[in-house]
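Owing to the predicted nature of the structure, the values given are computational and were not obtained by experimental measurement.
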Amino acid sequence: MKKWNRGAKVALAVAATAGLVIGALSPATAATRTTVVIVDSNVFTSLNSSTPDTNLVLNGNVAYLSGAGFNYYDEKPELVRNTTFGTYKIMSKTPTFKVKYTVNKGRLWSDGTPITGVDLLLSNVISSDAYSIAAGLGDPASEDKKPAFDSLGYGGSYSKLIKDVSIAPDRMSVVLTYSKYFPDWEIAGPGPSPVHALVAMAMGEKKLGTSAHNVALKSKFLNAYIAKDKDLLSKIGKVWSNDYNVTSVDAKTNPLLLVCNGAYIVDNIVKDQRVTMKLNSNYNSGLPTSGIEKVVFTTIPDPTAAAQALANKEVDFYEAIATADSVAALKKIGAAVTVEGVTLATYEHAEVRSGKEQGTKVDYTGPFDGMSQKAKDLRTAWLLAYPRQEIIDKIVKPVNAKAVVMNSHQYFPSEPNYSKMVAASGMAKFTAGTQADRTADALALVKKYYPSAAAGSASVKLTMLWGSPSNTRRSAEAALVKAEVAKAGFDVTTTPTSGWSSFLGDPKFDVQFYAWSKTALTQAGNFGSFKSTDSQTGYNNLEMDKIITRLETEVLTPTEIYNLYLAAEKILVEDAVTIPLFQWPGVIAYNSALKGVNPSPLSPSFLWNFWDWHF
Amino acid sequence: MFAFIMRRLGTLAVILFGSSFLLYNLAALSGDPLADLRTSREPNAAQQIIALTRKLQLDIPPPLRYFYWLRGLFGVFIGKFDLGQTRGGESVASAIGSAVPTTVRLVTTATLTAIILGISIGIVTALRQYSKFDYSMTFVSFLLFSLPIFWVAVLLKQFMAIGFNNWLGEPSIPIKTVVLIGIILGLIISSVVGGDRAKSWKIFGVSAIATMLVLQVLVKINWFLQPGLGPIFYLLGSVGIAFGVTQLSMGISNRVALKSSLTVAGIAFVLYFPMQKVFEMQKQGLLLAAAATLTILIAVGVALYFAKIDRAAVVRTTVLTAVLLGILMIVDQLMGTWERYMGSDAINYRPVPTVGQTNPLLEPGDYWVSTLDLLMHLVLPTIALTAISFAGYIRFSRGTMLEVLNQDYIRTARAKGLTERTVIMRHAFRNTMIPMTTIIVVDFASIIGGAIITERVFGWTGMGTLFNKAVGSFDLNLLMGVFFLTGTLALVANLVADLLYSALDPRIRVGSGK
């Protein structure tokens with residue numbers, strides 16, 4: 001462009017303006033975008049998100065995009081098998097419980113090396129305390145020295161029950177032998193790790209090997225695994241625990257660190273700023289992607305900054321802080337950004353104390369103590385007067401307009417069994433009529449024992465535990481509860497408590513509400529806290545204990561499981577010791593041109609079906 | 001002098017030890033790093049608690065644990081300096097090492113702008129004491145001083161980024177806005193220039209109309225989408241700079257300095273054309289460094305050729321002119337890159353970003369596009385930081401200047417018959433700068449400490465963010481690392497300021513207090 005021609009441009013001003021306006025407008029709509037920029041509030045710290053130091057959402061999301069295993073959670077949420085990658089089936093349930101995992105032929109790592117059963121063996125090394133001790137890699141439960149593999153996986157059900165892991169002669173399958181059946185075996189199963197790359201790095205290699213070399217390295221790992229070769233395994237442990245902690249990736253980074261089998265592979269990482277991932281050309285371990293070629297995770301800690309970046313089209317996807325203000329701010333941006341309320345796997349519930357926590361000294365002597373008819377009636381009255389709908393309408397709906405009162409402990413309203421369960425469990429008692437009717441019923445129940453009770457009479461004095469002063473949402477909830485239950489003759493003290501979570505078993509508090517968070521779907525369901533030995537509110541019901549024990553240990557059909565859940569919920573309604581309130585609301589906001597977003601309440605939440613995303 | 005410095009260094013060590021011990025213990029007592037795990041429903045939570053206790057040495061009481069940290073610090077004497085690891089497993093030294101440059105990049109420009117702008121406005125308000133300009137600047141500076149930066153940042157992003165980018169889609173300015181901008185600029189210019197009522201109205205009228213016309217023309221020639229100076233405006237700008245610098249430093253009446261500056265401007269104009277080709281070459285970083293060196297050498301050469309007496313002053317003036325001309329040429333080059341930058345897929349005609357340090361989608365390779373991208377990401381944070389921090393400089397330099405102007409030696413200088421320019425620039429301004437030095441040195445040291453809120457709202461991970469993160473996640477090693485660096489710098493800066501003060505002002509001598 002010759003600058004001294006500018007004079008002529010003045011004469012052509014009108015034409016140029018028109019041309020440029022068209023020029024300026026067209027690129028925004030014409031070309032199909034292939035990059036999606038996702039906001040995260042943290043910085044990236046490691047390519048391995050399975051150590052205690054690195055177990056962060058962003059690291060996990062990068063790992064999810066760059067990995068594929070035997071199963072994943074969908075939006076329902078249900079555990080879905082990824083049959084593109086491989087299959088697994090139960091071989092026997094007794095006397096020992098055996099499961100066979102088989103990798104499909106032809107699956108590839110990003111460097112072109114075939115994935116085999118050998119790649120599944122590392123899972124045992126990083127999850128089994130017994131193996132770690134036997135191979136001389138250190139006792140993960142030790143108080144003064146960490147094991148060679150600084151893994152988050154030790155100490156769980158898998159570690160307690162696993163007896164043997166053996167590899168089939170064709171090296172495509174492994175058979176896991178547990179000492180007995182346990183219901184949650186599916187989520188404890190193995191996942192693939194690029195062991196050839198690990199061995200190569202343990203031996204100091206700095207570049208991708210040939211395929212023959214990689215096959216040899218795999219055999220080397222298999223031998224070391226079988227022989228419990230402390231020397232090599234310790235070196236691999238060092239790589240696994242430390243070398244994956246990279247905060248920047250560029251052309252100089254050891255490419256072995258990036259070997260993966262997921263749809264996207266890390267392209268580059270700018271320290272403290274962003275992670276850029278590109279399509280993995282050798283990807284065949286999962287469902288095919290739909291047109292997104294690059295995924296960028298960019299770090300923006302401040303919610304207002306993220307919302308404005310979205311408005312300025314610098315980013316495409318943002319999982320927002322769930323407050324009414326932030327939702328209002330996001331909605332103001334306009335049609336270019338879609339704002340969706342979502343439900344999280346964390347749910348708020350109210351609990352009523354019925355005794356003292358086992359193993360503690362101080363007795364509970366409040367009005368709700370014990371299983372007498374009086375205590376049960378008063379507890380029922382408390383739960384009847386609990387203004388659940390009002391809480392949803394005033395506190396949750398401004399964030400998620402689709403929010404509803406939760407009426408089952410086990411199932412979220414989105415799940416298929418939910419309505420069936422609610423109809424059968426007797427929860428109708430707490431949903432019939434209007435809140436005014438229910439509060440009137442509650443008052444009638446209180447009157448049976450406190451004849452002078454009336455609205456505002458403060459006949460029954462209670463103390464409620466709900467959270468720290470800084471939690472404004474809970475403070476508003478507590479205020480709503482206090483106002484409504486007063487109409488049924490209750491007088492509840494709602495002073496906030498700093499460090500509230502350590503007082504959950506304190507008999508000073510008669511009632512409390514807080515949240516439970518589900519991270520996985522387990523057969524035991526959400527009833528563990530009502531076992532007499534574990535209940536912090538002193539709940540003690542033998543029937544309930546039996547149900548929980550069966551759920552935790554037995555091999556059950558889906559119908560049996562459902563019936564046990566139903567029995568448990570019926571008992572909880574009958575004993576009036578708890579009531580579910582609502583699922584925590586979440587908010588996602590994204591570029592309206594982005595299609596296929598369908599968030600799941602379980603991790604990795606919105607990202608789970610990235611393969612459906614497209615513009 | 002030596003004893004003084006040693007004594008100060010000794011005090012420094014004692015203060016650092018005491019405050020770090022106190023901070024370590026307070027921070028350790030402020031929260032429970034195991035809180036999350038205690039309420040966790042994970043089956044292996046107990047084992048995770050063991051692992052974290054092991055890692056953070058939580059079984060050792062904080063006052064003792066402090067000495068483990070101190071041992072790592074003292075390792076500096078045996079070559080094993082160790083500030084420990086962050087909770088994310090990164091070494092604290094490397095975390096700080098990468099945060100410092102980010103912070104410096106974010107804050108330096110703003111601090112420099114605030115200093116230059118603040119001092120110059122402060123001095124002008126002192127010279128025009130109790131004028132409209134003085135009152136309005138006092139008002140504006142106090143207004144900005146009292147605004148919270150996170151709010152300023154949100155407004156800036158809304159109007160200067162999102163609004164401006166939307167506007168660029170169809171860049172036309174409504175006539176009402178043009179008139180308004182004209183009137184505002186006219187008022188500012190007329191109040192700075194001063195003079196009697198008639199002159200003031202005349203200046204107001206001329207500058208307001210000129211501003212409106214320029215805006216209209218810029219819009220008509222689509223300047224906002226294809227900005228640039230071109231050789232003609234570059235020449236005009238150069239001559240303006242040459243006159244301006246000479247006037248401020250030696251006075252137009254000094255023909256030698258003027259000739260020297262104008263010659264440099266002429267050379268710059270001739271070089272303007274070949275430089276367009278140079279800018280397109282590879283290895284721009286090296287070329288620019290070479291060009292900068294060459295610029296200074298040419299300026300010195302020209303100055304020495306013209307000046308026979310008072311050489312140092314002429315060289316200074318000429319070099320300053322040359323540097324400004326170089327900057328102007330780079331500005332012109334960046335303007336020429338604007339269209340290319342805007343049209344790229346990554347930018348897509350939304351050039352002003354609200355967050356981050358660089359655009360994640362921009363393809364690397366084009367030096368000028370990358371530079372422009374870096375600068376664009378600096379625009380909003382710099383404006384925000386400058387706006388809230390320059391008020392202090394304005395007030396301080398205004399006060400100091402007024403005080404200096406009332407001194408006897410100023411009256412003497414006037415009585416000698418020196419020009420007003422010489423009195424102000426040589427006698428008053430230099431003495432004003434002595435107390436300013438103290439503030440500036442301490443401010444520069446605090447740059448490293450970072451700007452906690454600014455970094456957060458603009459998404460930069462610098463020292464402020466590290467500090468914030470360390471406090472939020474009970475990351476003691478990280479907190480102590482940040483504290484140690486910023487604490488040491490603050491103390492050293494105070495020492496340096498004291499020493500500088502005595503060096504600049506012969507009336508003050510250090511170490512003679514007893």
Side-chain angles (χ1 to χ4, degrees), chain A residues 1 3-4 6 9-10 13 16-17 20-21 24-25 27-28 31 35 37 43 45-46 51-54 140-146 150 152-157 159 242 245 247 270-274 276 296 298-302 304-306 308-309 311-314 501-502 516-517 519 528, chain B residues 32 35 38-39 41-44 46-48 50-55 59 87-90 98-99 102 150 153-154 157-158 161-162 165 168-170 217 220-222 225-226 228-232 276 336 343 345 348-350 352-361 456-459 461 465:
Chain A
M1 185 181 71
K3 290 200 167 88
W4 45 95
R6 196 169 296 271
K9 278 191 186 153
V10 180
T17 312
L20 268 144
V21 167
L25 290 177
T35 306
V37 183
V43 297
T45 64
S46 176
T51 80
D53 288 346
T54 59
S142 147
E143 283 179 13
D144 40 56
K145 199 167 176 294
K146 57 182 180 186
D150 188 14
L152 202 57
Y154 293 120
S157 330
S159 176
N242 303 326
N245 298 349
T247 50
V270 181
K271 184 171 161 59
D272 296 339
Q273 294 185 43
R274 59 171 169 268
T276 306
V296 180
T298 185
T299 299
I300 303 177
D302 185 67
T304 316
Q308 289 191 308
N312 200 25
K313 300 188 173 142
E314 288 169 77
S501 57
S502 51
W516 277 332
S517 168
T519 51
Chain B
D32 178 13
R38 286 193 213 276
T39 54
R41 290 161 71 80
E42 298 267 333
N44 62 350
Q47 197 144 331
Q48 289 188 38
I50 294 177
L52 195 60
T53 308
R54 187 172 64 202
K55 180 179 159 61
D59 44 348
R87 285 191 59 184
E90 192 186 4
S98 69
T102 308
F150 55 87
V154 167
K157 288 178 183 185
Q158 197 59 43
I162 301 170
N165 288 339
L168 272 184
E170 208 169 340
V217 169
K220 282 277 148 32
I221 61 167
N222 229 331
L225 291 175
Q226 296 163 291
L229 293 174
I232 303 299
Q276 300 305 312
D345 279 350
N348 203 2
Y349 295 91
R350 299 192 69 84
V352 186
T354 62
V355 78
Q357 300 175 42
T358 49
N359 188 308
L361 311 179
R456 185 177 161 87
V457 292
F458 287 105
T461 310
T465 311

- Query: If you measure from CD1 on I300(A) to OG1 on T354(B), what distance do you get to the nearest 0.5 Å?
  - Reply: 6.5 Å
- Distance-only, no hydrogens or angles: does the N312(A) side chain make a donor-acceptor pair with backbone N or O of K157(B) under 3.5 Å? no
- Task: Side chain from CB out, backbone as N, CA, C, O: work out which of these in K271(A) comes under 4.5 Å of a heavy atom of chain B, or both, or neither.
- Result: side chain
- Query: Which region of T298(A), side chain (C-beta onward) or backbone (N, CA, C, O), has a non-hydrogen atom less than 4.5 Å from a non-hydrogen atom of chain B, or is it both or neither?
  - Reply: neither
- Task: Heavy-atom distances under 4.5 Å only: say whether I162(B) touches chain A with side chain, backbone, both or neither.
- Result: both
- Query: Quick one: side-chain contact (heavy atoms from CB on, under 4.5 Å) partners of V154(B), sequence neighbours excluded?
  - Reply: T304(A), Q308(A)
- Item | R350(B), part contacting chain A, at a heavy-atom distance under 4.5 Å | side chain
- Task: Would you mind telling me which of T247(A), V296(A), D272(A), D302(A) has the largest number of heavy-atom pairs within less than 4.5 Å of chain B?
- Result: D302(A)
- Measure distances from E90(B) to the heavy atoms of chain A and classify the residue's part below 4.5 Å as side chain, backbone, both or neither. side chain
- Is a salt bridge present between D150(A) and K55(B), judged by a nitrogen-to-oxygen distance below 4.0 Å? no
- Query: What part of T358(B) gets closer than 4.5 Å to chain A, counting heavy atoms only: side chain, backbone, both or neither?
  - Reply: both
- Given that the side chain runs from C-beta out, which part of N359(B) has a heavy atom under 4.5 Å from chain A: side chain, backbone, both or neither? backbone
- Task: Taking side-chain contact (heavy atoms from CB on, under 4.5 Å) as the test, write out the residues that go with N245(A), two or more places apart.
- Result: S46(A), T54(A)
